[in-house]
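Encoded as structure tokens, the structure appears first; notes follow it.
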Amino acid sequence: MTTIQLPQLQRDVDLRAFNTFGFSARAERFLRVESLESLQQAVALARGQGWPLLVLGGGSNLVLRERLPGLVVQIALKGRSVHIDGETVLATVAAGENWHETVAWSLGQGYYGLENLALIPGTVGAAPMQNIGAYGVELEERFHSLKALDTETGAIRHFTREACAFGYRDSLFKSAQPGRYIILEVTFALSRAALPVLRYRALVDELEQHGIASPTPLDVFEAVCRIRRSKLPDPSEVGNAGSFFKNPVVAADRYRALHEAFPDIVAYPAGDAYKLAAGWLIDRCGWKGRSLGPVGVYRNQALVLVNGGGGTASDLLALADAVRASVLERFGVELEMEPRIYPA
Ligand SMILES: Cc1cc2nc3c(=O)[nH]c(=O)nc-3n(C[C@H](O)[C@H](O)[C@H](O)COP(=O)(O)OP(=O)(O)OC[C@H]3O[C@@H](n4cnc5c(N)ncnc54)[C@H](O)[C@@H]3O)c2cc1C
């Protein structure tokens, strides 16, 4: 039997700088992987030793507890390639590439379609995990396929869009088979023709305020960046993971009853159902701007929980529980957390 050697494996590493909440979490072992070979070796080693394995991208959608046993692998696979077929561009991007830089790169090349998703933190490989979405576009609309390493069999598998089972902030990789697949690269179906998506009211308003009636993809990109910078806390200044709760989806009759009781409730049609604005529900429970010890609810956006400094995952989860209990009591609606907690 060959012994697996991973000379870059580090022990007892503080992951404070590797998660956007800025929680101090000690990984028993940590490895940054820049090649498929070292990733395969790391996975084989973890399986052989029975170590829990956590795959880390930019750490912007998870909550880390104080101790992480086993092995944490940070995905740093890099590279981009392009296949052009008429107006369609298939852009394949390695999992460790930065998401926002990839959006900016695609725009610079004249490949359109990702501009509404500008400035979302994190990596390309994590984007399919929860089918990232913002300002009227979800990843699945621009997704072609992906390649992933199956940690159970060691095989490399290709996934079409259908196979990924994308849903609202959800996919096969997040829900049905959590932790089984490590995404290696993602192929996007982009366009050389500009087709701005202006479904989102705040985006249309922002463009209007700048006197832009027929926006280019670059106009959309810049408008999205301006809105996001004005609304969301920068994780380098205030620890956070963006929206902490999903917007709950309720049946139409349930929505009508809520609307009767709370006429100013904010909601959007979602097929036959309605998506309630979780931020509105939390705000109406009086949580906006409130703190519980070192953690709190962001003063400008009630959907964002923040670490004011020195907080821990336990502090944050206690706050999340209190917020959820308030919303359940007042509106009878269950809030579901968006980020995953490690260890679960
Ligand atoms: C300020 C702010 C704003 C945000 N705005 C949005 C938004 O508008 N829309 C939105 O959808 N999200 C948003 N997010 C959440 C987050 O940025 C996205 O979910 C992002 O895709 C996470 O990428 P990451 O690399 O940081 O993933 P991580 O946090 O490192 O990981 C997230 C999950 O994906 C898994 N994972 C990571 N990489 C891989 C891989 N290569 N293969 C398999 N599994 C992997 C991890 O194990 C974990 O379960 C925001 C976050 C912040 C801090």
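Remember, predicted model here, so these are calculated numbers, not experimental data.
- Using the six-membered ring where Trp is involved, F23 and F21 have ring planes that are parallel, under 30° apart on the 30 and 60° scheme.
- No donor-acceptor distance shorter than 3.5 angstrom exists from the side chain of R340 to the backbone of L62, with no hydrogens or angles considered.
- Within the 4.5 Å cutoff, the side chain of W280 has heavy atoms near those of the F262 side chain.
- The main-chain N or O of P248 is never found under 3.5 Å from a side-chain atom of K275 such that the two would form a donor-acceptor pair.
- Heavy atoms only, all atoms of each residue included: G279 and N247 are closest at N-OD1, 4.5 Å.
- The shortest distance between side-chain heavy atoms of L9 and F30 does not fall below 4.5 Å.
- A distance-only check finds a donor-acceptor pair linking the side chain of N116 to the backbone of V197 [under 3.5 Å].
- Looking at every heavy atom in both residues, V220 comes nearest to P215 through CG2-CB, 4.1 Å.
- Separating the CG atom in L305 from the CG atom in N240 is a distance of 9.0 Å, to the nearest 0.5 Å.
- Side chains of R80 and T92 form no contact here, defined as non-hydrogen atoms less than 4.5 Å apart.
- With respect to R157 and D150, no salt bridge is recorded, no charged nitrogen being found less than 4.0 Å from a carboxylate O.
- Under the 4.5 Å side-chain criterion, counting only non-hydrogen atoms from C-beta, V304 is not in contact with V297.
- Among all heavy-atom pairs drawn from P343 and P69, the shortest one is CG-CD, 3.9 Å.
- In the hydrophobic clustering of ILVMFWY residues, with side-chain heavy atoms under 4.5 Å counting as a link, M129 and V33 come out apart.
- A ring-centre distance under 6.0 Å is found for F143 and F166.
- There is no side-chain donor-acceptor pair under 3.5 Å between T123 and W99.
- With a 4.5 Å cut-off on side-chain heavy atoms, I156 and K147 count as touching.
- Between R284 and D264 there is a salt bridge, with a side-chain nitrogen of the basic residue lying less than 4.0 Å from a carboxylate oxygen of the acidic one.
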Go through the steps to decide whether V73 and I182 satisfy the test side chain to side chain contact (heavy atoms under 4.5 Å, CB included), and finish with yes or no. CA-CA 10 Å; V73 168; I182 301 179; 5.9 Å; no
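- Distance check: R161 CZ to R142 CZ gives 10.0 Å after rounding to the nearest 0.5 Å.
- The shortest heavy-atom contact between G22 and N307 is O-ND2, 3.9 Å.
- In this structure, E115 contributes its side chain and G113 its backbone to a donor-acceptor pair below 3.5 Å.
- If you take OG on S145 and CG on L90, they are separated by 7.5 Å, rounding to the nearest 0.5 Å.
- A salt bridge links R199 and E141; the closest N-O separation between the charged side-chain nitrogens and carboxylate oxygens is under 4.0 Å.
- Note: W287 CH2 to C285 SG = 9.0 Å, rounded to the nearest 0.5 Å.
- The six-membered or imidazole ring of F188 lies away from that of Y111, with a centre-to-centre distance of 6.0 Å or more.
- Side-chain contact between N98 and V124 is absent, with no heavy-atom pair separated by less than 4.5 Å.
- A donor-acceptor pair under 3.5 Å is absent between the side-chain atoms of D272 and the main chain of A270, judged by distance alone.
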Under the side chain to side chain contact (heavy atoms under 4.5 Å, CB included) rule, what do R256 and E260 come out as? Steps first, then yes or no, please. CA-CA 6 Å; R256 278 192 288 274; E260 209 160 287; over 6 Å; no
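- V295 approaches G311 most closely through the heavy-atom pair CG1-CA, 4.3 Å.
- Taking CG from L45 and CZ from R29, the interatomic distance works out to 8.0 Å, rounded to the nearest 0.5 Å.
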Between L68 and L54, is the side chain to side chain contact (heavy atoms under 4.5 Å, CB included) condition met? List the steps. CA-CA 9 Å; L68 288 156; L54 168 61; 4.2 Å; yes
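- When atom types are taken as modelled, the side chain of S38 and the backbone of S35 share a donor-acceptor pair closer than 3.5 angstrom.
- The closest side-chain heavy-atom distance from L190 to E87 is not below 4.5 Å.
- Follow the hydrophobic side-chain contacts under 4.5 Å out from Y181 and you reach I132 in the same cluster.
- A donor-acceptor contact shorter than 3.5 Å is absent between the side chain of E97 and the backbone of T102.
- The environment of CD in E162 is crowded: more than 12 heavy-atom neighbours from other residues, nucleotides or ligands sit within 6.0 Å.
- Y298 and L292 fall into different hydrophobic clusters, defined by Ile, Leu, Val, Met, Phe, Trp and Tyr side-chain heavy atoms under 4.5 Å apart, directly or through other members.
- A side chain to side chain contact (heavy atoms under 4.5 Å, CB included) with S24 holds for exactly one of N19, D14, T312, L64; it is D14.
- Placement of L117 and Y168 in two distinct hydrophobic clusters is found when ILVMFWY residues are connected by side-chain heavy-atom separations under 4.5 Å, directly or transitively.
- Proximity of the aromatic rings of F159 and H144 is defined here by a centroid distance below 6.0 angstrom, and this criterion is not met.
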With side chain to side chain contact (heavy atoms under 4.5 Å, CB included) as the test, would you mind laying out the steps for Y342 and R65 before giving the verdict? CA-CA 6 Å; Y342 294 98; R65 299 185 196 271; over 6 Å; no
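- In this structure, the side chain of T88 does not engage the main chain of I84 through any donor-acceptor pair within 3.5 Å.
- Look at E338 and K246 and you find no salt bridge, because none of the NZ, NE, NH1 or NH2 atoms lies under 4.0 Å from a carboxylate O.
- For the residue pair R254 and F331, the shortest heavy atom distance occurs at NH2-O, 2.9 Å.
- There is a path of hydrophobic side-chain contacts, each under 4.5 Å, that joins L71 to I75.
- Side chains of L218 and L107 form a contact here, defined as non-hydrogen atoms less than 4.5 Å apart.
- Proximity of a side-chain donor or acceptor of S191 to a complementary backbone N or O of Y112 within less than 3.5 Å is not detected.
- Checked by atom type and distance alone, the side chain of D219 pairs as donor or acceptor with a backbone atom of T216 at under 3.5 Å.
- Look at E28 and R26 and you find no salt bridge, because none of the NZ, NE, NH1 or NH2 atoms lies under 4.0 Å from a carboxylate O.
- Note that CD of E140 and SG of C164 are 9.5 Å apart. Values are rounded to the nearest 0.5 Å.
- R169 pairs with exactly one of Q130, E336, E138 by the side-chain hydrogen bond (donor to acceptor under 3.5 Å, both in side chains) rule, that one being E138.
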